[in-house]
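Here's the structure, in structure tokens; my notes come after.
What's counted below: heavy atoms across the whole structure, side chains too, no hydrogens, waters or symmetry copies. One-based numbering along the sequence shown. In each ligand, atom 1 is the first atom listed, and ligand 1 is the first ligand listed.
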Amino acid sequence: MKQIRIGLLGLGQVGTGIYKILTKKQSFLKKKTGCTFKLAKIAVKNPSKKRSVSIPKGLLTAKAQDILSDPTIDLVVELIGGTTVAKQYVLTALRNGKDVVTANKALLAEHGQEIFQAAAKAGRSVYFEASVAGGIPIIKSLREGLISNRISSIFGILNGTCNYILSRMTREELDFKDVLKQAQAKGYAEANPELDINGGDTAHKIAILAALAFGERVRFEDVACEGIKTIDKHDIAFAAEFGYVIKLLAIAKRTASGIECRVQPTLVAEDHILAKVDGANNAVLIRGDEVGEVLLYGPGAGPQPTASAVVSDIVDFSVGRYWGEQNPWLNKQRVKLKPLSLIKSRYYLRFSVIDRPGVLARIAGILGKHNVSVSDVIQSESKTGNVVPLIMITHDADEKSIQTAIKAIRTLKAVHSRPHVFRIEG
Ligand SMILES: NC(=O)c1ccc[n+]([C@@H]2O[C@H](COP(=O)([O-])OP(=O)(O)OC[C@H]3O[C@@H](n4cnc5c(N)ncnc54)[C@H](OP(=O)(O)O)[C@@H]3O)[C@@H](O)[C@H]2O)c1
């Protein structure tokens, strides 16, 4: 019977989840894989910290080198996070002839080329199922299940914190700041939620998925990214009046004029399947030329769902399932992403305007002059002083035309504050 000796770097949320699975399910996994899994060493920052699981004496170390340079350890599982120490440890593990499993999307999105080149040089593999959408097997689906498909689009709800906040704002008509505070109190948002709410975490994930879908490297810095802070409960209510729900969507799609890869708050028709993805769940809608549309839905984070994905990588390693030939990070080509200014979309525009005759006509006139035609308008009667909201939905328009028109509209004396601009999909 083959025994896999594992070194765990990190015993936080996910590391503890893995510890639980590997201790509780030894015989279950042995029956399924013909292998046993031995946690040989666990490196943490602070070995004397109180843990929620009881760890045998001697298993914890503060020295990652105890794992990285132990020749009896076959596989290193990196669950520290971030792009500094984690990167250094992953590169050392590869150089020392060990395969690596990681759940670290930031590391792969920002340094994937360096990591995979180091792996290729050392003849090792890097497994990363848990790096996108937690418990949802999205990486294997793209690499294996959908291998015969030319992927034309991926639409993802990939950040549970943002989806939780937007779902509650929608359901309970609450303000962003209040829901964020509650989400932090309940553990759905980090004490420092910036990377989630500014869209960066979602951008890391869509950069990885787009690379796998299109077979070429995607530069994380090229992914256009906007978070959810600019959405307020009035936008959510007005969107609903037009029949839409606002979601933070990650979009990667082939269009006639190039590949788009972006993260933006987006209006989705309320009967669309992604509009129904509620709470902290994730969903990925993939369109392939053979399969049509596939939706993967489930928990996108959390210790046990994420550990479930990490253990699937550990099993892949143990049974010798590896992946290399189609690795986009080893591809000399890089996807040339279409600049945001060239995208075409329908738009939701909310202006705050002085309530007097002729303002609507002037705004519509400026939009028309820039080839933006309006399909729907609501001029709300709710006033703040003498300022009222004016909401317009456009037909398909160029981003550049929209931005130029808005710049001109903002010079009007009757227009107060920066307009809210969101794109509409589907
Ligand atoms: N949490 C999730 O639901 C989730 C979902 C998907 C992917 N991920 C990814 O999984 C990874 C781990 O996330 P997590 O939530 O489990 O993180 P976490 O709870 O913050 O745990 C981090 C662990 O790393 C250890 N650590 C920190 N610096 C270290 C160092 N220099 N040397 C050795 N160990 C060190 C910490 O030690 P101490 O315990 O002593 O502090 C802790 O055990 C991240 O890349 C994250 O993006 C997480």
Side-chain angles (χ1 to χ4, degrees), residues 7-21 39 41-55 59-69 76-93 100-112 115 126-139 156 158-164 183 186-196 200-205 207-209 220 279-282 284 298-314:
L8 212 56
L9 299 175
L11 188 68
Q13 293 203 49
V14 184
T16 304
I18 288 156
Y19 184 85
K20 285 183 186 163
I21 296 180
L39 275 173
K41 211 58 165 176
I42 305 173
V44 291
K45 195 169 184 181
N46 175 10
S48 48
K49 184 165 150 185
K50 206 169 172 309
R51 311 270 158 192
S52 61
V53 282
S54 89
I55 311 287
L59 202 55
L60 288 182
T61 175
K63 288 188 242 151
Q65 279 307 328
D66 290 351
I67 290 173
L68 301 173
S69 52
V76 169
V77 180
E78 183 279 305
L79 298 164
I80 293 174
T83 54
T84 51
V85 178
K87 180 180 164 198
Q88 184 195 327
Y89 290 170
V90 165
L91 291 173
T92 308
V100 171
V101 172
T102 180
N104 192 335
K105 54 255 164 184
L107 180 65
L108 296 182
E110 295 180 28
H111 303 283
I115 301 284
V126 177
Y127 303 80
F128 54 99
E129 181 59 65
S131 65
V132 182
I136 301 174
I138 178 65
I139 306 293
L158 298 175
N159 185 280
T161 302
C162 290
N163 203 52
Y164 173 85
K186 289 189 169 178
Y188 286 116
E190 303 277 343
N192 177 1
E194 272 309 304
L195 191 60
D196 291 318
D201 174 78
T202 306
H204 282 142
K205 293 166 179 170
I208 295 173
L209 294 187
F220 166 67
N281 281 309
N282 280 195
V284 194
Q304 293 321 119
T306 311
S308 154
V310 172
V311 172
S312 81
D313 279 345
I314 295 175

(message) Heavy-atom count check: over 12 atoms from other residues, nucleotides or ligands less than 6.0 Å from Gln88 CD?
(response) yes
(request) Could you check Val101, Thr102, Ile138, Ile136 and say which one makes a side chain to side chain contact (heavy atoms under 4.5 Å, CB included) with Glu129? (result) Ile138
(request) List, ordered by chain and residue number, the protein residues whose closest non-hydrogen atom lies under 4.0 Å from any atom of ligand 1. (result) Gly10, Leu11, Gly12, Gln13, Val14, Ala43, Val44, Lys45, Asn46, Lys49, Arg51, Leu79, Ile80, Gly81, Val85, Tyr89, Ala103, Asn104, Lys105, Ala130, Ala301, Gly302, Thr306
(request) Check whether any side-chain heavy atom of Val100 lies under 4.5 Å from a side-chain heavy atom of Ile115, and answer yes or no. (result) no
(message) Within the 4.5 Å heavy-atom criterion, are Glu78 and Leu107 side-chain neighbours or not?
(response) yes
(message) If you compare all heavy atoms of Phe220 against all heavy atoms of Gly200, which two are closest, and at what distance to 0.1 Å?
(response) CE1-O, 4.0 Å
(request) Kindly give the heavy-atom pair with the smallest separation between Ala189 and Thr161, and that separation in Å. (result) CB-CG2, 3.6 Å
